[in-house]
There are 2 protein chains.
Amino acid sequence: MMDMISEAGVNRGVVTQLRAFLAQAELPEDGRLPPERDLAAALGVTRTELRKALGTLEAEGQIWRHVGKGTFVGNRPTDTLSDIETLAKRTNPAELMRARLIIEPEIARAAALTATPLHLSELRLCQTRTREAATWRQYENWDTRLHRTIAEATQNTPLLGMFDMLNALRRAVTWGRLRANPVKPSPDHHSFAEHEVIITAIENRDMNGAAAAMRTHLQSVERNLLTWQSDAAD
Amino acid sequence: MMDMISEAGVNRGVVTQLRAFLAQAELPEDGRLPPERDLAAALGVTRTELRKALGTLEAEGQIWRHVGKGTFVGNRPTDTLSDIETLAKRTNPAELMRARLIIEPEIARAAALTATPLHLSELRLCQTRTREAATWRQYENWDTRLHRTIAEATQNTPLLGMFDMLNALRRAVTWGRLRANPVKPSPDHHSFAEHEVIITAIENRDMNGAAAAMRTHLQSVERNLLTWQSDAAD
DNA sequence: GTCTCAACCAATTCTGAATTGGTTGAAGCT
DNA sequence: AGCTTCAACCAATTCAGAATTGGTTGAGAC
């Protein structure tokens, strides 16, 4: 019942003593300060007293603590939520598809601007290989590589990183599902023509075209995903 | 000089024996097969022989190996490049800014569609707090939270994850730099008005407006970054 | 020479102890 | 009683060294 910010029995002296220590002490790069037991001894106070003082400083936002880690000055690092497994638990295929629809067209747009001849030939190679694929497994590999090559063509490391993150998520979320159709992709699979439009647009430096084609393509994949309930590759 | 795919002295018998094992054996979920030493004993061949056979299978792409990890069936997982530290080493502030310019406007656009009243009031709170900020440190905190709230407003977990990734990258790349100006943000800091336009657009469900305003804002931040060489917050 | 094999190497994982902030319950003080 | 204190304990995390694993080498067998 007594969890007000500034508790009743807190010794103001210890708090100021602690503030002085923080101002003077040379902290390591990560801002970690000595363990409570050591710090209490160094300041000549009991651990309980020290913890009260630390509590008020934490309430003020001056420091943050975590079991097993330690006590640190500054702001608690925001829970970054960039861990694949954690993300995979909280999302679902539909949401992932929406994210792809938002991100990948913009990646294609950027790629149209910066793709090198090397990227273009790699794209062509992927397109050929997907057509030649004898199994869905092979098809998926080359399809994934095609999309990743587009991301590489942006020549932007953070963008590529985000693309990889989406891909990793895709694998993690789909994980455990079975592929319904063991046969190989039919020669008139919608993706072939759609990939062609995307690649052509990039070759022609048509940024808007590339973005639009990618959007169309992903919408088509989404439709398949909903209709057949299959883990449709793109 | 003798590194052809199918080496001279490879014992075909062992290879087929190994293939039979792979077809029959029940592998764990991750597709890892027993350590070479055990497998060699199980198949009744010497380790050197086994390794030759494994070598041909690896060349065929049937398996992949890594020191300390083990030998696995299937395709070697693509180097995902979604690790923050690795990314930070390979990128730079300019590239990061380009990535933000590509991604964040689209996030704002999506947010305009899906933001709830709760998000809107949170945005307003952040805007107020940035104006009240007494130090750059505080300003940055609320500014970061404002941008993250926009990402949250998309109600899309993968998108939020990617945003967090960008943010983590920003911290990692900027890490070690000093903030030149210890004073607090001036009341006519360009960001205030720009944030206002963004928030208003989201409130009005103006998707194009939100995207455009975010783009304008980030371009303004980019300009500051180039001009002043300061680690300009946005 | 060529092949074999045991020992060795380096990358990775595993495991158990040590560390750290958080909690509790008896003892002590007013 | 009412409150503080303190040592012991708890659970989360980190750390270090051993064990494991694919890769390499050099002496010896043929």
Side-chain angles (χ1 to χ4, degrees), chain A residues 1-4 6-15 18 22 27-59 61-74 76-77 79-80 83 86, chain B residues 1-4 6-15 18 21-22 27-59 61-74 76-77 79-80 83 85-86:
Chain A
M1 282 301 113
M2 207 194 308
D3 37 318
M4 307 183 310
S6 197
E7 289 184 39
V10 62
N11 185 339
R12 297 295 297 168
V14 182
V15 178
L18 189 50
L22 288 183
L27 298 176
E29 187 58 54
D30 57 357
R32 174 177 181 173
L33 47 91
E36 294 182 349
R37 291 163 178 83
D38 299 2
L39 189 52
L43 298 185
V45 298
T46 140
R47 193 182 161 207
T48 317
E49 282 177 313
L50 173 63
R51 276 185 60 74
K52 278 187 193 161
L54 286 174
T56 64
L57 283 204
E58 183 178 34
Q62 301 289 333
I63 63 172
W64 63 275
R65 308 184 267 183
H66 192 296
V67 202
K69 283 186 153 75
T71 307
F72 303 80
V73 300
R76 179 192 311 275
D79 202 4
T80 178
D83 173 47
T86 311
Chain B
M1 282 302 112
M2 206 193 311
D3 37 320
M4 306 184 311
S6 195
E7 288 183 40
V10 64
N11 186 338
R12 296 296 298 168
V14 183
V15 177
L18 190 50
F21 172 83
L22 288 184
L27 297 176
E29 186 59 52
D30 56 357
R32 175 176 181 174
L33 46 91
E36 294 183 349
R37 292 162 178 84
D38 299 1
L39 189 51
L43 298 185
V45 299
T46 139
R47 194 182 160 207
T48 317
E49 283 178 313
L50 174 62
R51 276 185 61 73
K52 279 185 192 163
L54 286 174
T56 65
L57 283 204
E58 183 179 34
Q62 300 289 332
I63 63 172
W64 63 275
R65 310 182 268 183
H66 192 296
V67 202
K69 284 186 153 74
T71 307
F72 303 80
V73 300
R76 180 191 310 276
D79 201 3
T80 178
D83 172 48
E85 292 181 17
T86 311

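Every chain is numbered from 1, with letters handed out A, B, ... down the list of sequences.
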Distance check, rounded to the nearest 0.5 Å: [X] atom [atom1] versus [Y] atom [atom2]?
X	Y	atom1	atom2	answer
A:R47	A:L54	CZ	CG	10.0 Å
B:Q62	B:L18	CD	CG	10.0 Å
B:L39	B:L50	CG	CG	5.0 Å

query: Looking at B:K52, does any N or O in its side chain come under 4.0 Å of the phosphate oxygens OP1/OP2 on C:dT4?
result: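 Affirmative; the distance criterion is met.
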Below 3.5 Å is the cut-off: list the nitrogen or oxygen pairs between protein and nucleotides 25-30 of chain C, distance only.
none

- request: Sequence neighbours left out, what passes salt bridge (charged side-chain N to carboxylate O under 4.0 Å, His left out) with A:R65? Give chain and number order.
  value: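 A:E36, A:E58.
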query: Which heavy atom of B:W64 sits nearest a heavy atom of B:G74, and at what distance?
result: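 B:W64 and B:G74 have their closest heavy atoms at CD1-O, 3.3 Å.
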- prompt: Closest heavy-atom contact between B:T56 and B:A53?
  reply: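 Shortest heavy-atom separation between B:T56 and B:A53 comes out as OG1-O, 2.7 Å.
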- prompt: Under the side-chain contact (heavy atoms from CB on, under 4.5 Å) test, which residues partner A:V73, sequence neighbours left out?
  reply: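 Once residues adjacent in sequence are excluded, the partners of A:V73 under the side-chain contact (heavy atoms from CB on, under 4.5 Å) criterion are A:L22, A:L27, A:L33, A:I63.
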For A:T48, side-chain contact (heavy atoms from CB on, under 4.5 Å) partners two or more places apart: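 side-chain contact (heavy atoms from CB on, under 4.5 Å) check on A:T48 returns A:T46.
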Would you mind reading off the distance between [X] atom [atom1] and [N] atom [atom2], rounded to a whole angstrom?
X	N	atom1	atom2	result
B:D30	C:dT12	CG	P	16 Å
A:R51	D:dT4	CZ	P	16 Å
A:L50	D:dT4	CG	C1'	16 Å

Residues touching DNA chain C, which here means a heavy atom under 4.0 Å, drawn from residues 64-72 of chain B: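 Within this stretch, B:H66, B:V67, B:G68, B:K69 sit under 4.0 Å of the strand.
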task: Give, ordered by number, those residues of residues 31-47 of chain B having at least one heavy-atom distance below 4.0 Å to an atom of DNA chain C; if nothing qualifies, reply none.
output: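 Close to the strand are B:R37, B:T46, B:R47.
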